[in-house]
Visitor: 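Below is one structure. I have some questions about it.
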Amino acid sequence: MVAMLDKLATERRNERTMHLDEMSIEERLTIMNAEDQKVPQVIQEQLPVITKVVERVIASFRKGGRLIYIGAGTSGRLGILDAAECVPTFGVSPNQVIGLIAGGERALIQAVEGAEDSKELAVTDLKALHLTAEDTVVGIAASGRTPYVVGGLDYARELGATTASISCNRDAVISRHADYPIEVETGPEVLTGSTRLKAGTAQKLVLNMISTTSMIGVGKVYQNLMVDVQPTNEKLEVRAKRMIAEATGVDMETAARYFVSSKGHVKTAIVMILADVSYEEAVKRLERANGFVREAL
């Protein structure tokens with residue numbers, strides 16, 4: 001097991017930081033910044049595979065399926081973070097994008113011993129979600145070898161669900177258990193083995209890409225505006241009104257009036273203004289267009 005870890009790029013020592021403890025604060029920050037800048041370049045090499053994953057997620061959504069992230073430790077927490085943010089940003093149900101972490105909710109704030117080493121635990125967690133063939137499961141593991149993730153991917157494939165993986169090492173174990181393996185090799189960390197650094201950044205960026213572009217693909221965005229945002233607080237209500245104004249060219253006073261008459265639904269307000277139709281007609285148009293504003297116009 002130790003020998004296997006030694007071969008992983010994420011576990012090797014970074015030659016540029018062998019004297020990290022002797023550097024000045026600014027020197028440490030400078031080298032961390034320089035290492036971080038390598039991440040987007042490595043992700044760029046994986047864009048063709050990420051594209052295929054997004055296509056499958058969109059297909060799942062259109063069939064009523066879900067996007068399910070599964071991981072342990074930092075990887076699991078990042079999946080849960082991305083899933084949670086989809087609810088207010090895109091106005092989706094908490095059940096459409098779901099994050100699972102080995103050890104459950106308690107593992108969000110403290111380590112749960114042995115949880116990530118159990119393939120069976122992943123199967124139990126996915127069964128609790130009533131996983132189906134319409135779902136897409138994305139396994140996340142910086143090392144690319146976490147048993148919990150392997151077990152989840154294997155179970156998902158048995159049911160016919162689409163599977164993808166995100167690892168930060170090449171020839172990762174989990175890649176062999178996924179239909180669409182994404183391998184973002186970020187290399188040795190500034191602090192040896194601390195994969196919450198470059199590897200964590202890479203995972204966060206890829207998750208952002210998958211969820212955001214998938215939501216665009218099912219009509220959650222008009223132009224570059226998050227028009228399905230849920231105005232659940234004062235800040236988001238102001239943002240909603242501003243989006244109505246920016247999408248239609250009306251002033252803020254008019255946007256505020258339409259915000260009220262559309263019952264706080266940005267898409268409906270935009271269609272009411274641009275198509276010059278009633279609230280009822282705007283709602284019907286959006287329903288016929290499956291939520292795509294451009295088609296509703």
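Residue indices begin at 1 and follow the sequence shown. Just the heavy atoms: all of them, side chains too, but no hydrogens, waters or symmetry mates, feed the values below. Quantities reported herein were computed from a predicted structural model and do not represent experimental measurements.
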Visitor: Within the side chain of K267, is there an N or O that forms a donor-acceptor pair under 3.5 Å with the backbone of G219?
Guide: yes
Visitor: So, do Q223 and E246 sit near enough that their side-chain heavy atoms are less than 4.5 Å apart?
Guide: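 No - every pair of side-chain heavy atoms lies 4.5 Å or more apart.
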Visitor: Looking only at atom types and distance, does a side-chain atom of K198 sit under 3.5 Å from a main-chain N or O of T186, one as donor and one as acceptor?
Guide: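 Yes; judged by distance alone, with no hydrogens or angles, the pair exists.
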Visitor: Determine whether a donor-acceptor pair (N or O, by modelled atom type, separation under 3.5 Å) exists between the side chain of H19 and the backbone of E22.
Guide: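 Not confirmed, H19 side chain does not pair with E22 backbone.
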Visitor: Nearest 0.5 angstrom please: S167 OG to N169 CG, how far?
Guide: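 Those atoms lie 6.5 Å apart.
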Visitor: Test your reading of the model: is there a side-chain donor-acceptor pair from E185 to the backbone of V42, 3.5 Å cut-off?
Guide: no
Visitor: Determine, step by step, whether E237 and K241 satisfy the salt bridge (charged side-chain N to carboxylate O under 4.0 Å, His left out) criterion, reporting the C-alpha distance in whole Å, the side-chain angles of both residues, the deciding distance to 0.1 Å, and the verdict.
Guide: CA-CA 6 Å; E237 185 172 319; K241 293 173 183 176; 3.2 Å; yes
Visitor: Enter the distance from K119:NZ to D154:CG here, rounded to the nearest 0.5 Å.
Guide: 6.5 Å
Visitor: Do E35 and L197 have side-chain heavy atoms sitting under 4.5 Å apart?
Guide: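 The answer is no; the side chains never approach within 4.5 Å.
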Visitor: If we count only N and O atoms by modelled type, under 3.5 Å, do the side chains of T163 and D179 hold a donor and an acceptor together?
Guide: yes
Visitor: Could you point out which residue of V221, V229, V227 forms a side-chain contact (heavy atoms from CB on, under 4.5 Å) with F90?
Guide: V221
Visitor: Where do L100 and L129 land on the side-chain contact (heavy atoms from CB on, under 4.5 Å) test, with the steps shown first?
Guide: CA-CA 10 Å; L100 292 177; L129 293 179; 3.7 Å; yes
Visitor: Quick one about N33 and T30 (side-chain donor to acceptor, distance below 3.5 Å, no hydrogens or angles considered), yes or no?
Guide: no
Visitor: Which pair of heavy atoms, one from L20 and one from R28, lies closest together, and at what distance?
Guide: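 Nearest heavy atoms, L20 then R28: O-NE, 3.0 Å.
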Visitor: So do the side chains of L236 and Q230 get within less than 4.5 Å of each other, counting heavy atoms only?
Guide: no
Visitor: Between T124 and E120, is there a donor-acceptor pair closer than 3.5 Å when you use the side chain of the first and the backbone of the second?
Guide: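 Pair found, side chain donor or acceptor close to backbone of E120.
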Visitor: Could you check if a side-chain atom of V206 sits within less than 4.5 angstrom of a side-chain atom of I43, using non-hydrogen atoms only?
Guide: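 Side chain of V206 against side chain of I43, heavy atoms only: contact under 4.5 Å found.
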